[in-house]
There are 2 protein chains.
Amino acid sequence: MLSRASKYAILSTLYLAEHASKEKKMSVKKIAEAIDVPSPFLAKLFQQLVHAKIISSIKGPKGGFFITKKNGEKTVCDIIENIDGLHKLNECFLGLNECDGENPCPVHFIVEPFKRNILGKFRDKSIMEFSKEVADNGRFLTLKHLDLD
Amino acid sequence: MLSRASKYAILSTLYLAEHASKEKKMSVKKIAEAIDVPSPFLAKLFQQLVHAKIISSIKGPKGGFFITKKNGEKTVCDIIENIDGLHKLNECFLGLNECDGENPCPVHFIVEPFKRNILGKFRDKSIMEFSKEVADNGRFLTLKHLDLD
DNA sequence: AAATAAAAAGACCTTTTTATCTTTTATTTA
DNA sequence: TAAATAAAAGATAAAAAGGTCTTTTTATTT
Ligand code: FES
Ligand code: FES
């Protein structure tokens, strides 16, 4: 449904929202390490997110990425839109050219409520609100801590 | 979530279930045309499905693909398992290494019920039953008929 | 038996996605 | 001002997914 690129971007941005700020910027390397994604790839993605004003960056020593108040008002939807395109969230589960109730595929009426639900989740809360909720509810952005094997 | 390969395989098999039988076999070409998928690609997929005893085939003139009573007892799950692997239906929506309620990602509790639902749909009905339901409820396997533009 | 129709098998090609590497630019600090 | 640090930009590479083509095998029809 979502590309890896989008998934990396979402998790990394939420991580950034929780752990960085204008006063405490973070380098790509640190973030990539923290949530276990390939850092040069993440660097590319972050470039796009900066461009889309979803996150901010400053070059040089003591530089890095962070999220301003303004940035934090963007949504997870905005991330997806800028990496994959929003249509990726609305494709037919079985690959029909369109997903709509007029011409439903065999699983449309199972899939459609889910899609509405997740779209709402990604659209109706700002990244800052979403991030707070994630932290409050003890959701995970990585399972790195489980690699005890 | 599912690869195109799986989607093609599911749609084509359901089409076969509805339109072919031991007495009325169908060639790849006809099926591919009917549901609008690339025929050499579908040929490959059907090879795998024959191997997995999900569909049957006879070579030569008057040959083609069809579904026996025995075949019809398989499930859509079996198709997915043989093309993509079932794990594709159980991956974390945001790409965490595992999807489980002990270590949920930010959207786990939205995604998990949907996954259970769709898995049930694909597992608890035989392909023949599923196909009948699809026909009875007027679900579509292609939107070819809409290409009036 | 010869011609033909269709699947099986496997090699091959193309595009997209994922990932890396290198150079440049901006900023800070010593 | 020089050295160091970190992002920006862009070229490149590797892998996976998607798709095509050719040859072989099998069955049927004439
Ligand atoms: S038509 Fe297939 S999911 Fe809506
Ligand atoms: S943990 Fe992400 S969907 Fe279950």
Side-chain angles (χ1 to χ4, degrees), chain A residues 1-13 16 20 22-33 35-67 71 80 82-85 87-88 91 95, chain B residues 1-13 16 20 22-33 35-67 71 80 82-85 87-88 91 95:
Chain A
M1 214 146 209
L2 296 180
S3 69
R4 254 189 234 196
S6 271
K7 292 171 183 175
Y8 290 169
I10 293 169
L11 295 172
S12 301
T13 302
L16 201 64
K22 199 158 188 176
E23 295 76 43
K24 203 173 76 182
K25 308 183 192 75
M26 276 195 123
S27 71
V28 168
K29 220 181 144 200
K30 261 192 132 178
I31 299 161
E33 214 148 273
I35 68 170
D36 211 15
V37 306
S39 81
F41 193 37
L42 183 58
K44 284 276 129 183
L45 298 173
F46 268 17
Q47 269 180 47
Q48 295 182 63
L49 297 185
V50 169
H51 212 87
K53 299 194 198 309
I54 294 166
I55 62 178
S56 298
S57 70
I58 296 282
K59 290 184 188 177
K62 287 283 162 185
F65 293 91
F66 59 99
I67 295 193
N71 291 148
I80 296 170
N82 274 279
I83 306 287
D84 274 351
H87 64 96
K88 272 294 202 79
E91 284 168 346
Chain B
M1 213 146 208
L2 295 180
S3 68
R4 258 190 228 195
S6 272
K7 292 171 183 174
Y8 290 167
I10 292 169
L11 295 171
S12 301
T13 301
L16 200 64
K22 197 156 190 175
E23 296 76 41
K24 202 173 75 183
K25 308 183 192 75
M26 277 195 123
S27 70
V28 168
K29 218 180 146 203
K30 261 192 131 176
I31 299 161
E33 215 148 272
I35 68 168
D36 211 15
V37 306
S39 82
F41 194 36
L42 183 58
K44 286 272 130 190
L45 298 173
F46 268 17
Q47 270 181 45
Q48 296 181 63
L49 297 185
V50 169
H51 211 87
K53 300 194 198 311
I54 293 166
I55 63 179
S56 297
S57 70
I58 297 282
K59 290 183 187 178
K62 288 284 161 186
F65 294 91
F66 58 100
I67 294 193
N71 291 149
I80 296 170
N82 273 279
I83 305 288
D84 274 352
H87 63 97
K88 271 295 200 82
E91 284 169 345

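Reminder, nothing fancy here: chain letters follow the sequence lines and each chain counts from 1.
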Value in whole Å for how far the [atom2] atom of [N] lies from [atom1] of [X]:
X        : N       : atom1 : atom2 : value
Tyr8(B)  : dA17(D) : OH    : P     : 15 Å
Phe41(B) : dT16(C) : CZ    : P     : 14 Å
Lys59(B) : dT26(D) : NZ    : P     : 5 Å
Phe65(B) : dA6(C)  : CZ    : P     : 12 Å
Ile83(A) : dT18(C) : CD1   : C1'   : 13 Å
Gln47(B) : dT22(D) : CD    : P     : 17 Å
Ile58(A) : dA8(D)  : CD1   : P     : 10 Å
Lys25(B) : dA7(C)  : NZ    : P     : 11 Å

Map Pro61(B) and Pro38(A) onto DNA chain C by nearest heavy atom, then report which one ends up closer to the 5' terminus.
-> Pro61(B)
DNA chain C nearest-nucleotide lookup for Leu42(A) and Gly60(B): closer to the 5′ end is Gly60(B)
Nucleotide paired to dT23(C) in any strand shown, Watson-Crick or G-U, under 3.5 Å = dA8(D)
Pairing nucleotide - dG10(C), Watson-Crick or G-U, each distance under 3.5 Å | dC21(D)
Heavy atoms under 4.0 Å, any strand shown: does [X] hit a base, just sugar-phosphate, or nothing?
X        : value
Pro40(B) : base
Lys44(A) : base
Phe46(A) : nothing

Minimal non-hydrogen separation, [X] against [Y], with atom names:
X        : Y        : result
Leu2(A)  : Lys7(A)  : O-CE, 3.5 Å
Val37(A) : Leu42(A) : CG2-CD2, 3.7 Å
Asn82(B) : Gln48(B) : O-OE1, 3.4 Å

Report yes if at least one side-chain N or O of Ser57(A) is closer than 4.0 Å to OP1 or OP2 of dA8(D); otherwise report no.
-> yes
N or O in side chain of Arg4(A) less than 4.0 angstrom from dA16(D) OP1/OP2 | no
Can you check whether Tyr8(A) reaches Ile83(A) side chain to side chain, under 4.5 Å on heavy atoms?
-> no
Are Phe46(B) and Ile31(B) side-chain neighbours, meaning at least one heavy-atom pair lies under 4.5 Å?
-> yes
